[in-house]
Amino acid sequence: MAKWEYAPAPESTDIVDIKDTYGLYIDGQFVEPASGEYFKTINPGTEEVLSAIPVAGEEDIDRAVGAARGAFKKWSALPGSQRSKFIFRIARIIQERARELAVLESMNGGKPIKESRDVDVPLVAAHFFYYAGWADKLNYAFPGRRAEPLGVCAQIIPWNFPLLMLAWKIAPALAGGNTVVLKPAETTPLTALLFAELCEQAQLPAGVVNIVTGAGATGQALVRHADVDKVAFTGSTEVGKEIQRAVAGTSKKLTLELGGKAANIIFDDAPLDQAVEGIVNGIFFNQGHVCCAGSRLLVQETIADRLIEKLKRRLGTLRLGDPLDKNTDIGAINSRDQLEKIRRLVGIGVEEGAELYQPACEIPDRGFFFPPTVFTGVSQSHRIAQEEIFGPVLSVMTFRTPAEAVTKANNTPFGLSAGVWTEKGSRILWMADRLQAGVVWANTFNRFDPASPFGGYKESGFGREGGRHGLEAYVRLQEVR
Ligand code: NDP
């Protein structure tokens with residue numbers, strides 16, 4: 001299958017207005033950090049500097065938590081229908097400014113514009129709409145119990161879905177009557193800071209949402225602040241464990257959404273062409289920077305050769321390059337550090353004896369890029385079969401029976417998601433019963449819906465985001481007598 005030649009179709013950046021310097025968003029205002037320190041944020045697709053971002057230290061965190069505490073009394077006392085109006089307003093503004101948000105997300109994070117435009121931002125709006133709908137129905141969400149807000153929520157999010165993770169955290173928190181201090185990842189702060197402007201536009205009361213930027217130390221100070229009631233974290237398992245240790249012995253509530261090494265399992269009766277699309281979507285969506293990515297492909301032995309041949313052909317049609325080009329399938333790796341991590345683990349895969357396949361593709365001179373990569377001949381003990389690479393790298397293994405597929409799929413410290421491809425409904429149910437994964441997709445992969453809970457088992461964390469379960473993580477339920 002020859003790759004079609006497409007003329008470049010870059011999305012214009014005129015719609016975004018990136019400031020030279022930003023402030024911390026505390027108590028409804030953009031303020032300078034106490035330290036006077038800033039760091040540069042770049043475009044990973046070009047390595048251009050986009051802006052200077054403030055580093056929030058302990059003093060700033062104290063101000064932000066203080067602002068959230070100050071706003072909590074009034075916000076939590078508002079009737080649910082009033083809170084819901086603000087959240088609906090935010091959802092509508094997100095829709096109105098969708099293109100601006102999508103372009104900025106792609107510029108700062110490296111994801112292809114067609115993903116930020118067609119997946120991330122629509123889902124962000126959908127989450128706010130969904131939780132706006134619950135804000136005045138909390139008594140119906142948890143029948144027989146009264147839902148009370150927790151207080152001030154510290155929310156720390158990663159760089160792979162900056163705006164979407166913000167939505168997953170902020171929307172249910174506000175619906176439940178809480179106030180928040182959110183820290184975006186160091187490499188992707190811009191859409192969170194634009195979201196602060198959206199909150200102003202929505203006339204959200206000052207202090208209900210506060211955005212503090214900085215690196216790991218800022219997150220650490222936020223987690224440890226004594227006046228925080230709830231910590232919600234998405235990111236690496238390593239940092240998740242550290243956070244769990246930091247809140248141990250306190251009354252802080254905690255939810256952790258951590259890493260994954262999901263199995264995408266293809267049975268011999270699966271529709272192979274559709275499965276190939278699901279495999280591609282499972283691991284190459286967002287350059288594989290997806291906690292629930294289908295990074296381990298388990299194929300039934302009888303169809304392995306045929307499927308891998310089809311997959312390799314499909315890989316040859318993927319377009320890698322400028323994230324802002326509307327034809328781009330694979331954009332930029334989020335940072336130089338992440339690119340180095342991917343290179344290191346791929347090198348280890350080769351050293352361990354797995355067979356590497358990469359389609360011929362041109363890598364741009366500037367920016368951080370890595371070609372779509374498939375390893376065959378992978379065994380369970382290989383590091384590329386065990387560790388989260390968080391890049392466009394797929395490890396292929398085979399199985400003979402459903403029981404073997406389950407054993408291999410569960411042979412990991414993680415348990416976030418899995419995919420099963422088969423024509424048999426009974427087999428899907430049998431597998432879903434046995435797979436240790438928070439989400440099991442049947443004949444599809446990487447599908448998200450605000451009404452559907454998402455979260456992990458084992459080292460993938462605990463607590464659920466999305467749906468009523470996601471709301472429950474932001475309220476204290478009291479028995480009604
Ligand atoms: P981290 O887990 O370090 O980052 C997630 C968030 O936590 C960021 O906002 C980060 O800030 C912050 N943070 C870092 N250290 C602390 C701390 N001690 N206390 C509180 N907050 C902290 O992920 P990395 O960006 O370092 O990525 C490392 C690896 O983690 C990746 O290669 C990937 O494998 C995995 N990862 C997994 C994700 C998932 O959803 N499963 C998401 C992101 C990464 P800062 O950005 O400044 O570091």
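For the single chain, residues carry numbers from 1 onward in sequence order. Each ligand, and each atom within it, is numbered from 1 in the order the structure gives.
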task = May I ask whether atom 18 (N) of ligand 1 is less than 4.0 Å from at least one protein heavy atom?
result = yes
query = How does Gln338 reach ligand 1, by side chain, by backbone, by both or by neither, if only non-hydrogen atoms under 4.0 Å count?
reply = side chain
query = Is there a heavy atom of Gly260 sitting under 4.0 angstrom from any atom of ligand 1?
reply = no
query = Closest non-hydrogen protein atom to atom 25 (O) of ligand 1, residue and atom name please, with distance?
reply = Trp159 NE1, 2.5 Å
ask   = atom 23 (O) of ligand 1: which protein heavy atom is closest, and how many Å away?
value = Ser236 OG, 4.0 Å
task = Could you check whether the rings of His289 and Trp159 sit parallel, tilted or perpendicular, using 30° and 60° as the cut-offs?
result = perpendicular
task = Measure from atom 45 (P) of ligand 1 to the protein's non-hydrogen atoms and state whether any distance is below 4.0 Å.
result = yes
key: Check: Trp168 ring centre within less than 6.0 Å of Phe161 ring centre   = no
note = The answer for which part of Ile157 has a heavy atom under 4.0 Å from ligand 1 is backbone
Closest approach of any protein heavy atom to atom 10 (C) of ligand 1, naming residue and atom = Lys183 NZ, 4.0 Å
query = Just one of Asn264, Thr444, Asn443 clears the side-chain hydrogen bond (donor to acceptor under 3.5 Å, both in side chains) bar with Trp421, so which one?
reply = Asn264
Region of Leu222 engaging ligand 1 - heavy atom pairs below 4.0 Å = neither
message = Using side chain to side chain donor-acceptor pair (under 3.5 Å), reason through Lys261 and Ser395 one step at a time and then give a plain yes or no.
response = CA-CA 10 Å; Lys261 192 74 188 174; Ser395 299; 4.9 Å; no
message = With a 6.0 Å cut-off on the ring centroids, do Trp134 and Tyr474 count as close?
response = no
query = Nearest to atom 47 (O) of ligand 1, what protein heavy atom do you find, and at what distance?
reply = Ala215 CA, 2.8 Å
ask   = Applying a 4.0 Å heavy-atom criterion (strictly less than), which segment of Lys341 is in contact with ligand 1: side chain, backbone, both, or neither?
value = side chain
request  = Around atom 35 (C) of ligand 1, find the nearest protein heavy atom and jot down its residue, atom name and distance.
outcome  = Glu388 OE1, 3.6 Å
request  = Check Lys169, Lys230, Gln155 against Thr255 for a side-chain hydrogen bond (donor to acceptor under 3.5 Å, both in side chains) and give me the one that passes.
outcome  = Lys230
Glu186 contact mode with ligand 1 (heavy-atom cut-off under 4.0 Å) = both
